[in-house]
K.L.:
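Pasting in a structure now, in structure tokens, and then I'll have a few things to ask.
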Amino acid sequence: MRTHYCGTLRASDIGSTVTLFGWVDRRRDHGGVIFVDLRDRTGVVQIVSDPERTPESYPQADPLRNEYVVKIVGRVSQRPAESLNPKLPTGEVEIYADSIELLNAVRKPLPFQVSTADSESVREDLRLRYRYLDLRRERMAQNLRVRHEVIKAIRRFLEDQEGFMEVETPILTRSTPEGARDYLVPSRVNPGEFYALPQSPQLFKQLLMVSGVDRYYQVARCFRDEDLRADRQPEFTQLDMEMSFMTQDEILALNEALVAHIFKTVQGIEIPLPFPRLTYAEAMDRYGSDKPDTRYGLELVDVSDLVKDCGFKVFSGAVAEGGIVKVLPIPGGNDQISNVRIKPGGDIFKIASEAGAKGLAYIRVRAEGAVDTIGAIKDNLPAEKMQELLSRTNAQEGDLLLFGAGPTDIVNATLDRVRQAVAKEMNLIPEGKLNLLWITDFPMFEWNADEQRLEALHHPFTAPHPDDVADLKTARAVAYDLVLNGYEIGGGSLRIYQPDVQQWVFDTIGLTTEEAKDKFGFLLEAFEYGTPPHGGIAYGLDRLVMLMAGEDSIRDAIAFPKTQQARCLLTQAPSGVDEAQLKELSIASTYEPGEEED
RNA sequence: GGGCCUGUAGUUCAACCGGUUAGAGCACCGCCCUGUCACGGCGGAAGUUGCGGGUUCGAAUCCCGUCAGGCCCGCCA
């Protein structure tokens, strides 16, 4: 029977006889003495074997190799003074092995070394193919631990301190319009009909409020059949919450306490409360983004009013057509960013054009208030406007001012991306800084040009701001996102709980009464039976863990993630199935290998 | 659907502008070494340069196609 875990042994254990199980992390054979680093999930401890002190185990230590599984019985001993290892938590002790039992060997060449120098990075496809080995490695083992600790902290806080109850909701549910593409599951019992996997438990948690659950949470798996990114997987985990009879401020305060609790218990980090708040309008104005990274400055400056009458048509025309002209001032940018990079063919130009910009005008601020700029600005911007522009952007010698001009959304998207690229390149992002903030007062709807209709920015159950109900089309929503270092890690809203308001919203997004009844009739009906005011939030748990673990990819926060092609390299999912299985489900595949699908 | 990047020994990387037998660290095998902790020393085995085609006297290197992985755009209420 195991008496201890490897990584937990300390000087206070000296003298004890211990039984350890684990993997050989490394073996060092000095001819007359063999050292084995034995690893389990808690860490490593050094095993010593030599012919004099441990004659029985010495021959047993000889055939050991990396990643062999062994049982070791030995005595915890003080290391000689000159052999202490301050790099290891167990570095004060070592185990004299009285017996070493080989439980299992490695029978094939390891696809990669489990224990390697930090500088060596293994190809990710190999790591995913042999994920069970990858998870043995310190980095991934640590990430799994962080994930576990985060979820544990959430449960302790919500259940023990705040009276939340976890309720599971269906994985097999019904397809709903709006939102992402659904994963579908054919129903054998009901031929021709399909379940959908939930994109989130949204409707069920609202129903639970009608049920009087009052404070619900769930660590909920969600599914969206969309293309993958470094921070997006087709199945992911939300911390889903919903609560009744609370105002927005009360919900935000509770969530601030939750997030602070998570960081405090998992990483010992104190986060000042309350979190800063920005309205959506402010965030778009100052950063061009609804999830701004506020760890650094580089705020945008709107200069539409200064240039609206100038002779430079790109500027005046943009304003005349209802757009804007904004400046991204880059302190010290003159030395950092050459004209070549801003002009067609340059990398900064490319970033801007991918966001829809036609180009980037610029001003370079020189000594004594002199400027270098493109001819069109020099010739067309009156001196007093130039002075006002320099003073409004707080321009100093050496600064580079980049202009975005055009439709508001394109200008914001352009300068947002350039801002992030510049911050990264100029090392403006402080290491280890955590910047949490709320974005509030999102608009209810945005225009979908493809479908020529308004659609819900958040989702169609979001309550309109009480001051704005006169005109829903332009109304603000009582919706909020939590942003951490430029990543949206959570978002929620107060919900509509009156059927008539819900109906107005469906009308506004062009959902006919019939469609609404067909898709959401059960929810509207539930609202007829005494629905409490309620609201909630959902966090992207994988993303939160990724950020807390210091990783750049959500895959490193998930035990068994999928590749960008949505494949599992370990199980080879997805796969073909027997014709008989399809038949049983009353479905057939229209896919023909070698042919283009459309 | 589109753009960009990567693919060389089990693994991490080299191999210059196309030119002898494709090299090195780790891992593996053998020998040596009693205080290492990324131990060290000597030796060995290990390669269809992802795959297919083309250009060339000659291709890891250039070109085309294809497969796999990554980053991004579109998409993701």
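Convention: sequence-line order gives letters A, B, ...; per-chain numbering from 1.
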K.L.:
Once ring-ring contact (aromatic ring centres under 6.0 Å, His included) is applied, do any residues pair with A:Tyr280, and if so which ones, sequence neighbours excluded?
P.N.:
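A:Phe442.
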
K.L.:
Between B:C63 and B:A68, how far apart are the two P atoms, rounded to whole Å?
P.N.:
22 Å

K.L.:
Considering only B:C75, B:C73, B:C37, which nucleotide approaches the side chain of A:Glu226 most closely?
P.N.:
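Selected nucleotide (nearest to the side chain): B:C75.
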
K.L.:
When you measure only distances, ignoring hydrogens and angles, does the side chain of A:Arg28 come within 3.5 Å of the base of B:U34 through a donor and an acceptor?
P.N.:
no

K.L.:
For B:U36, does the base pair up with any side-chain atom of A:Gln46 as donor and acceptor (N or O, under 3.5 Å, distance only)?
P.N.:
yes

K.L.:
Could you list the residues that satisfy side chain to side chain donor-acceptor pair (under 3.5 Å) with A:Asp227, not counting sequence neighbours?
P.N.:
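A:Asp227 satisfies side chain to side chain donor-acceptor pair (under 3.5 Å) with no residue once adjacent residues are dropped.
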
K.L.:
On RNA chain B, compare the nucleotides closest to A:Asn66 and A:Leu110; which residue's is nearer the 5' end?
P.N.:
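Result: A:Leu110.
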
K.L.:
Can you name the residues that form a ring-ring contact (aromatic ring centres under 6.0 Å, His included) with A:Phe506, not counting sequence neighbours?
P.N.:
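Listed in chain order: A:Phe520.
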
K.L.:
Who are the ring-ring contact (aromatic ring centres under 6.0 Å, His included) partners of A:His4, not counting sequence neighbours?
P.N.:
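Scan of A:His4 (ring-ring contact (aromatic ring centres under 6.0 Å, His included), adjacent residues dropped) gives none.
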
K.L.:
Taking only nitrogen or oxygen atoms into account, show me every contact under 3.5 Å that the protein makes with nucleotides 29-31 of chain B, one pair per line with its distance.
P.N.:
unit_1, atom_1, unit_2, atom_2, d
B:C29, OP2, A:Arg65, NE, 3.0

K.L.:
Quick one: on RNA chain B, does A:Glu446 or A:Pro111 contact a more 5' nucleotide (nearest heavy atom)?
P.N.:
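Nearer the 5' end of the strand: A:Pro111.
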
K.L.:
If you check every side-chain atom of A:Glu94, which of B:U12, B:G35, B:C37 has the closest atom?
P.N.:
B:G35

K.L.:
Nearest to the side chain of A:Glu124 - B:A38, B:U36, B:G70?
P.N.:
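Of the options given, the side chain of A:Glu124 lies nearest B:G70.
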
K.L.:
Do any pairs count as a side chain to side chain donor-acceptor pair (under 3.5 Å) and have a residue in residues 48-60 of chain A, sequence neighbours left out, and if so which ones?
P.N.:
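For residues 48-60 of chain A, and leaving out neighbouring residues, the side chain to side chain donor-acceptor pair (under 3.5 Å) pairs sorted by first residue read A:Ser49-A:Thr54, A:Ser49-A:Ser57, A:Asp50-A:Arg53, A:Arg53-A:Tyr96, A:Thr54-A:Ser57.
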
K.L.:
Taking side chain to side chain contact (heavy atoms under 4.5 Å, CB included) as the definition, give me every residue that meets it alongside A:Lys473, ordered by chain and number, with sequence neighbours left out.
P.N.:
A:Leu454, A:Asp471, A:Thr508

K.L.:
Among B:C37, B:U34, B:U12, which nucleotide has an atom closest to any side-chain atom of A:Asn85?
P.N.:
B:C37

K.L.:
Let me check something: any side-chain donor-acceptor pairs from residues 485-492 of chain A under 3.5 Å, sequence neighbours excluded? List them with distances.
P.N.:
unit_1, atom_1, unit_2, atom_2, d
A:Asn485, OD1, A:Asn435, N, 2.8
A:Asn485, ND2, A:Lys433, O, 3.1

K.L.:
Determine whether any donor atom in the side chain of A:Arg79 lies under 3.5 Å from an acceptor atom in the base of B:C37, or the reverse, and answer yes or no.
P.N.:
yes

K.L.:
Using a cut-off of less than 4.0 Å, is there contact between a side-chain N or O of A:Ser121 and OP1 or OP2 of B:C13?
P.N.:
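So the side-chain polar atoms of A:Ser121 do come within 4.0 Å of the phosphate oxygens OP1 or OP2 of B:C13, strictly under.
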
K.L.:
Kindly state which residues belonging to residues 549-567 of chain A come within less than 4.0 angstrom of RNA chain B, counting heavy atoms of the residue only, listed by number.
P.N.:
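Within residues 549-567 of chain A, the residues near RNA chain B are A:Arg555, A:Thr563, A:Gln564, A:Gln565.
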
K.L.:
Once you apply a heavy-atom cut-off of 4.0 Å, does A:Asp225 come out as touching a base, just sugar-phosphate, or nothing?
P.N.:
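Contact class for A:Asp225: none.
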
K.L.:
Which nucleotide in the list B:C39, B:U34, B:C75 gets nearest to the side chain of A:Arg26?
P.N.:
B:C39

K.L.:
Tell me which pairs pass side chain to side chain donor-acceptor pair (under 3.5 Å) where either residue lies in residues 74-91 of chain A, with sequence neighbours left out.
P.N.:
A:Arg75-A:Asp98

K.L.:
Scan residues 413-426 of chain A for pairs that pass salt bridge (Lys or Arg N to Asp or Glu O under 4.0 Å), counting only residues two or more places apart or in two chains.
P.N.:
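Residue pairs passing salt bridge (Lys or Arg N to Asp or Glu O under 4.0 Å), neighbours aside: A:Arg341-A:Glu425.
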
K.L.:
Please work out whether the ring planes of A:Phe461 and A:His459 are parallel, tilted or perpendicular, with thresholds of 30° and 60°.
P.N.:
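A:Phe461 vs A:His459 ring planes: tilted.
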
K.L.:
Just the atom pairs and distances: protein N or O near nucleotides 4-9 of chain B's N or O, under 3.5 Å.
P.N.:
unit_1, atom_1, unit_2, atom_2, d
B:G7, O4', A:Arg123, NH1, 3.4

